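Just below is one structure, and these are the notes that go with it.
Keep in mind that this is a model prediction, so the values were computed, not measured. Along the sequence shown, residues carry numbers from 1.
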Amino acid sequence: MAAGFKTAEPLEYHRSFLKENCRPDGRELSEFRTTTLNIGSISTADGSALVKVGNTTVICGIKAELTNPTVEAPGKGYIVPNVDLPPLCSSRFRPGPPSEQAQAASQFVADVIESSEVIQTEDLCIERGKLCWVLYCDLMCLDYDGNLLDACTIALLAALKNTKLPEVTISTETPEVNLAKTRGLHIHKHPVSASFCVFDDSILIVDPTAEEESLKTAQLTVVTDEEDRLCTVHKPGGTSLSGEKLQECISRATARQREIQKLIDKVTRSVKTAQ
């Protein structure tokens, strides 16, 4: 009976739970799904991380390449994020060029990198006007069950913390790369996002599943760092939110930032110990 009700009236089905301040998967409205993290899982990448938020699974691989700095920013390297939503992660995605959602996610990640200054791009410059690093950050979703953006920001941050770059010296015209000597990136800030959905213009839930996202009246993602600085607020359309609701989201996001930073630090430490 419940399954039939859920299929025929998904919104009413969800409302029957929300009235009791809980959700179909048993979570409270402000409760995130279990988040697990694995780093250094791709041996061929310069840095990598695999994140699971509930069933949503994202892997991030970072590849560093030497290139010329741009004319506009001769003393900086750059970071190029790309989010891929292949058909294997959900039946909603089709083969072919990147979907609108994948493009929007790539743009969101690029905005987070820029607004949070997670890495200062000056650190990626080797010789002003001549040589710098470009970091290609490929994020692939392996299983899609809502809240893609949070999984992407965690995977990106953890992979950046896992990245090692070889030493480069420029003695002659050609740069010499010493693979035996590597160093980690200097992570300036630790941005973490928290995503929310609004139901019936008033009920706020965190970390929505794919099903909850499909029934929302609005969606919001808040990115904060360890100094409680607000880096990005991403709200693609939908109904407006009161200042009070927005404040509630921001305070939940700052608490989430601490939880995730602790998780990343713990996993990073355990990997270092294992090595």
Side-chain angles (χ1 to χ4, degrees), residues 1-37 51-58 85 89-93 99-101 104-105 108 141-155 192-224 228 230-263:
M1 174 64 200
F5 175 40
K6 183 180 170 181
T7 314
E9 295 285 348
L11 191 55
E12 285 308 324
Y13 175 78
H14 274 76
R15 279 179 183 142
S16 65
F17 283 93
L18 296 173
K19 279 207 286 277
E20 305 298 324
N21 276 333
C22 74
R23 290 149 79 170
D25 60 11
R27 283 186 289 158
E28 289 176 16
L29 304 191
S30 64
E31 193 182 331
F32 283 86
R33 289 172 289 181
T34 305
T35 304
T36 57
L37 171 66
V51 173
K52 284 190 77 158
V53 179
N55 290 330
T56 296
T57 310
V58 170
L85 293 168
C89 73
S90 164
S91 57
R92 70 182 64 204
F93 304 117
S99 64
E100 212 173 290
Q101 191 175 350
F108 168 80
C141 182
L142 305 177
D143 191 349
Y144 181 85
D145 186 18
N147 199 0
L148 173 72
L149 301 184
D150 286 12
C152 284
T153 48
I154 300 169
V192 173
S193 70
S195 293
F196 305 84
C197 269
V198 182
F199 265 90
D200 293 337
D201 304 336
S202 62
I203 302 168
L204 199 63
I205 63 166
V206 313
D207 182 20
T209 60
E211 192 173 3
E212 288 168 337
E213 282 179 352
S214 67
L215 302 168
K216 65 180 188 297
T217 49
Q219 198 164 353
L220 172 80
T221 300
V222 177
V223 184
T224 58
D228 297 352
L230 194 58
C231 307
T232 308
V233 175
H234 174 67
K235 185 177 179 295
T239 49
S240 59
L241 275 181
S242 66
E244 190 186 353
K245 282 260 189 283
L246 186 60
Q247 202 47 58
E248 194 184 316
C249 293
I250 293 170
S251 59
R252 190 65 192 91
T254 52
R256 177 68 169 167
Q257 194 283 333
R258 286 175 182 56
E259 290 165 24
I260 292 302
Q261 194 173 341
K262 259 191 209 144
L263 174 69

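Put simply, CG on D25 and CZ on R33 are 7.5 Å apart, with the number rounded to the nearest 0.5 Å. Atom CZ of residue F196 and atom CD1 of residue I203 lie 15.5 Å apart, to the nearest 0.5 angstrom. The structure places OG1 of T57 at 4.5 Å from CG of D143, a figure rounded to the nearest 0.5 Å. Taken to the nearest 0.5 Å, the CG atom of L149 stands 10.5 Å off from the CG atom of L220. Separating the NE2 atom in H14 from the CD atom in E211 is a distance of 4.0 Å, to the nearest 0.5 Å. The distance from atom CG of N55 to atom OG of S90, rounded to the nearest 0.5 Å, is 12.0 Å.
Between the side chain of D200 and the main chain of S202, no donor-acceptor pair closer than 3.5 Å is present. Judged purely by atom type and a 3.5 angstrom limit, T217 uses its side chain to pair as donor or acceptor with the backbone of V198.
In this structure, F108 and S193 have side chains that are in contact, with non-hydrogen atoms separated by less than 4.5 Å.
Between E212 and R27 a salt bridge is recorded (basic side-chain N to carboxylate O distance below 4.0 Å).
By the ring pair (Phe, Tyr, Trp, His ring centres under 6.0 Å) test, F32 is found to be paired with no residue, residues two or more places apart in sequence or in another chain being considered.
Just one residue in the list L85, L142, L148 forms a side chain to side chain contact (heavy atoms under 4.5 Å, CB included) with V58, and that residue is L148.
Scanning both residues, P208 and S195, for their nearest heavy atoms gives CD-O, 3.8 Å. Taking each heavy atom of Y13 and F17 in turn, the nearest pair found is O-CD1, 3.2 Å.
T56 and N147 share no side-chain donor-acceptor pair at under 3.5 Å. Side chains of Y144 and Q101: a donor on one and an acceptor on the other come within 3.5 Å.
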Task: Worked check of salt bridge (Lys or Arg N to Asp or Glu O under 4.0 Å) between K216 and E213 - done: CA-CA 5 Å; K216 65 180 188 297; E213 282 179 352; over 6 Å; no
- [ ] Carefully, step by step, assess V222 and L230 under the rule side chain to side chain contact (heavy atoms under 4.5 Å, CB included).
- [x] CA-CA 8 Å; V222 177; L230 194 58; 3.5 Å; yes
- [ ] Could you go through the side chain to side chain contact (heavy atoms under 4.5 Å, CB included) check for D145 and V53 one step at a time?
- [x] CA-CA 9 Å; D145 186 18; V53 179; over 6 Å; no
Task: Test side chain to side chain contact (heavy atoms under 4.5 Å, CB included) applied to L204 and L29, step by step - done: CA-CA 7 Å; L204 199 63; L29 304 191; over 6 Å; no
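Pairs of residues two or more places apart, or lying in two chains, that qualify as side-chain hydrogen bond (donor to acceptor under 3.5 Å, both in side chains) and include a residue from residues 246-259 are T35-R256, D228-R258, Q257-Q261.
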